[in-house]
Amino acid sequence: MKTNLSMKKFGLSMMSAAFILQATSVGALAANENHTNSSIYEKKIVNIAHRGASGYAPEHTIPSYQLGEQMKGDYIEIDLQMTKDGRLIAMHDEKVDRTTNGTGLVKDLTLAEIKKLDAGTWFNEKYPQMAKKSYEGLVVPTLEEVFKKFGRQANYYIETKSPDVYPGMEEELLKVLKDYKMVDSKGRTKNVLIQSFSQESLLKVHDMNPKLPLVQLFSYKNQATISDEELDTIKEYAIGVGPNFNKVDGQYVEMVRNHDLQFHPYTVNERADMKKALEWGATGLFTNYPDVFKEVLTEYKHDKHNKNEK
């Protein structure tokens with residue numbers, strides 16, 4: 001009697017689970033149909049030039065982005081900060097101190113003031129083995145200037161950095177994307193991904209344009225864990241996740257991929273780690289050395305092909 005009752009309960013549970021799974025799959029499919037025109041769905045593993053080829057040139061400068069392209073990076077990564085007069089600039093930190101010869105918060109400086117700063121000499125001083133005379137006096141680029149330089153033939157991986165500090169950042173970003181025709185008349189894009197650690201910022205972008213592909217970033221201090229529920233929620237608005245690689249493992253990657261989400265860890269600079277990420281199932285990664293990852297990816301594909309041939 002107990003066995004039959006247990007079996008009935010088990011059967012009902014399985015039916016309920018199947019129904020939930022089907023509903024989730026249908027919802028996720030509908031959510032992701034908007035993004036199938038994105039280059040991220042070309043079944044290729046993407047090489048994301050982290051702040052440009054920032055292992056070789058001053059981060060978030062035009063030469064760094066150019067090197068990233070030359071080294072076959074698939075995406076130019078751009079961190080956004082917002083000036084006092086509401087302009088979006090390419091810079092990682094909220095302060096200008098680390099990567100320029102200036103001091104202070106970006107939000108307290110106008111674009112004109114930031115344009116007077118030297119964004120390259122610091123690199124020559126910190127990395128003399130990579131120093132170039134041409135890096136001296138480089139200026140901080142605006143998002144518009146990056147778009148003007150590289151056009152619609154390039155791919156951009158854009159982060160809303162500290163959006164809580166910059167009210168209106170998301171609106172300005174979408175305006176610039178529209179002005180430079182990075183989205184079509186229906187709001188679709190083939191060459192832009194938007195990422196953020198802020199779920200609130202991503203949801204705001206999603207509300208304004210649900211067709212933009214988004215990636216949820218994570219920064220783990222301890223060993224990374226993520227639940228099916230979290231992944232189901234993320235899939236409602238994003239196409240992937242991007243955690244810090246040094247805190248994830250193969251099980252984490254497997255869970256992400258089982259939810260049909262892209263997995264783009266940061267920042268992976270060692271060959272052994274790049275290979276490990278690929279073996280775990282990463283669909284791309286952020287690196288300061290896109291040329292190195294290109295070599296590792298070529299070797300990985302070659303080895304995989306040879307194994308399949310046997």
Side-chain angles (χ1 to χ4, degrees), residues 47-162 165-166 169 172-173 175-177 179-180 182 191-192 266-267 269 286-293:
N47 186 346
I48 307 152
H50 183 241
R51 310 179 195 177
S54 55
Y56 303 101
E59 65 182 65
H60 291 314
T61 61
I62 296 299
S64 184
Y65 297 151
Q66 287 175 317
L67 268 179
E69 278 205 326
Q70 291 168 20
M71 293 176 174
K72 305 303 180 183
D74 296 304
Y75 280 83
I76 296 171
E77 193 221 8
I78 309 170
D79 293 317
L80 293 181
Q81 304 286 342
M82 199 174 195
T83 65
K84 185 178 181 179
D85 46 347
R87 300 293 296 280
L88 296 175
I89 63 165
M91 186 173 287
H92 180 272
D93 301 356
E94 288 179 44
K95 288 186 172 183
V96 300
D97 301 48
R98 183 176 63 86
T99 55
T100 76
N101 62 338
T103 58
L105 293 164
V106 174
K107 73 180 182 67
D108 295 332
L109 299 169
T110 65
L111 180 61
E113 289 171 325
I114 287 173
K115 282 295 185 182
K116 293 176 183 176
L117 303 178
D118 178 338
T121 298
W122 72 272
F123 180 87
N124 286 353
E125 293 170 352
K126 189 171 182 179
Y127 306 105
Q129 72 278 19
M130 296 291 176
K132 288 186 180 181
K133 184 72 176 174
S134 59
Y135 293 161
E136 294 176 14
L138 288 175
V139 296
V140 176
T142 63
L143 179 61
E144 292 102 317
E145 287 168 343
V146 178
F147 286 167
K148 284 178 186 175
K149 179 68 178 178
F150 297 96
R152 281 186 288 166
Q153 67 273 20
N155 296 316
Y156 305 94
Y157 213 126
I158 303 171
E159 180 179 348
T160 56
K161 209 81 181 168
S162 306
V165 176
Y166 308 109
M169 169 180 267
E172 181 63 18
L173 170 56
K175 178 182 179 296
V176 175
L177 290 176
D179 288 347
Y180 285 83
M182 295 297 168
N191 60 334
V192 174
Y266 67 91
T267 304
N269 291 327
F286 294 85
T287 180
N288 298 345
Y289 306 97
D291 56 336
V292 176
F293 184 50

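Atoms considered below: every heavy atom in the structure, side chains included; atoms not considered: hydrogens, waters and symmetry mates.
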Practice task
Evaluate the side chain to side chain contact (heavy atoms under 4.5 Å, CB included) criterion for residues Thr142 and Leu111: first the C-alpha distance (whole Å), next the side-chain angles of each, then the deciding distance (0.1 Å), finally the verdict.
Solution key: CA-CA 9 Å; Thr142 63; Leu111 180 61; 3.7 Å; yes

Handout entry: With Tyr166, the side chain to side chain donor-acceptor pair (under 3.5 Å) member among Gln81, Lys161, Lys107
Key = Gln81

Practice task
Would you check if the distance from the ring center of Phe150 to the ring center of Tyr156 is below 6.0 Å?
Solution key: no

Problem - Approximate separation, where rounding is to 0.5 Å, of Tyr127 OH and Tyr56 OH - result: 13.0 Å

Handout entry: Evaluation steps, side chain to side chain contact (heavy atoms under 4.5 Å, CB included), between Glu59 and Thr99
Key = CA-CA 8 Å; Glu59 65 182 65; Thr99 55; 3.8 Å; yes

Problem - Donor-acceptor side-chain pairing of Tyr180 and Glu144 below 3.5 angstrom - result: no

Practice task
Considering non-hydrogen atoms only, spot the tightest contact between Asn191 and Gly151 and give its length.
Solution key: ND2-O, 4.5 Å

Fill in the blank from the handout: CG of Leu143 to NZ of Lys175, rounded to nearest 0.5 Å, is 11.0 Å

Problem - Exam field: side chain Thr100 to backbone Asp118, donor-acceptor pair closer than 3.5 Å - result: no

Problem - Heavy-atom side-chain proximity of Leu88 to Met169 below 4.5 angstrom - result: yes

Problem - Flag side-chain contact, heavy atom, 4.5 Å: Glu145 against Val139 - result: no

Handout entry: Under 3.5 Å donor-acceptor, Asp79 side chain and Glu159 backbone
Key = no

Problem - OG1-CZ distance between Thr287 and Phe293, expressed to the nearest 0.5 angstrom - result: 8.0 Å

Handout entry: Heavy atoms of other groups near Lys115 NZ, more than 12 under 6.0 Å
Key = yes

Exercise for the section: Decide, yes or no, whether a salt bridge links Glu69 with Lys149 under the criterion of side-chain N to carboxylate O below 4.0 Å. Expected result: no

Problem - N/O donor-acceptor pair under 3.5 Å between Asn155 side chain and Asp74 backbone - result: yes

Problem - Crowding at CZ, Arg152 (>12 non-hydrogen neighbours, <6.0 Å) - result: no

Handout entry: Main-chain N/O of Thr103 paired to Asp97 side chain as donor or acceptor, under 3.5 Å
Key = no

Problem - CG-NZ distance between Leu109 and Lys95, expressed to the nearest 0.5 angstrom - result: 11.5 Å

Problem - Closest contact, heavy atoms only, Ser162 versus Glu94 - result: OG-OE2, 2.8 Å

Practice task
Hey, could you give me the CG/NE2 distance between Leu80 and His92, rounded to the nearest 0.5 Å?
Solution key: 12.0 Å

Handout entry: Trace of the side chain to side chain contact (heavy atoms under 4.5 Å, CB included) decision for Ile62 with Leu138
Key = CA-CA 8 Å; Ile62 296 299; Leu138 288 175; over 6 Å; no

Exercise for the section: Would you confirm whether Glu77, through its side chain, and Arg51, through its main-chain N or O, come within 3.5 Å as a donor-acceptor pair? Expected result: yes

Practice task
For Ala53 and Leu67, work out which heavy atoms get closest and say how close.
Solution key: CB-CB, 3.7 Å

Problem - Rounded distance [0.5 Å steps], CE in Met82 versus OG1 in Thr160 - result: 11.5 Å

Exercise for the section: Taking the side chain as every heavy atom from C-beta outward, state whether Val96 and Val106 have any atom pair closer than 4.5 Å. Expected result: yes

Practice task
Report yes if the side chains of Lys84 and Glu113 come closer than 4.5 Å at any heavy-atom pair, otherwise no.
Solution key: no

Completion exercise
In short, Gly102 meets Leu117 closest at the heavy-atom pair CA-CD2, 3.7 Å

Fill in the blank from the handout: In terms of heavy-atom contacts, Phe123 and Pro58 come closest through CB-CG, 3.6 Å

Exercise for the section: Report the C-alpha separation of Arg87 and Ile114 in whole Å, then their side-chain angles, then the decisive distance to 0.1 Å, and conclude whether the side chain to side chain contact (heavy atoms under 4.5 Å, CB included) test is met. Expected result: CA-CA 11 Å; Arg87 300 293 296 280; Ile114 287 173; over 6 Å; no

Problem - N/O donor-acceptor pair under 3.5 Å between Asn124 side chain and Lys132 backbone - result: yes

Problem - Closest heavy-atom pair and its distance - Asn288, Ser54 - result: OD1-OG, 3.0 Å

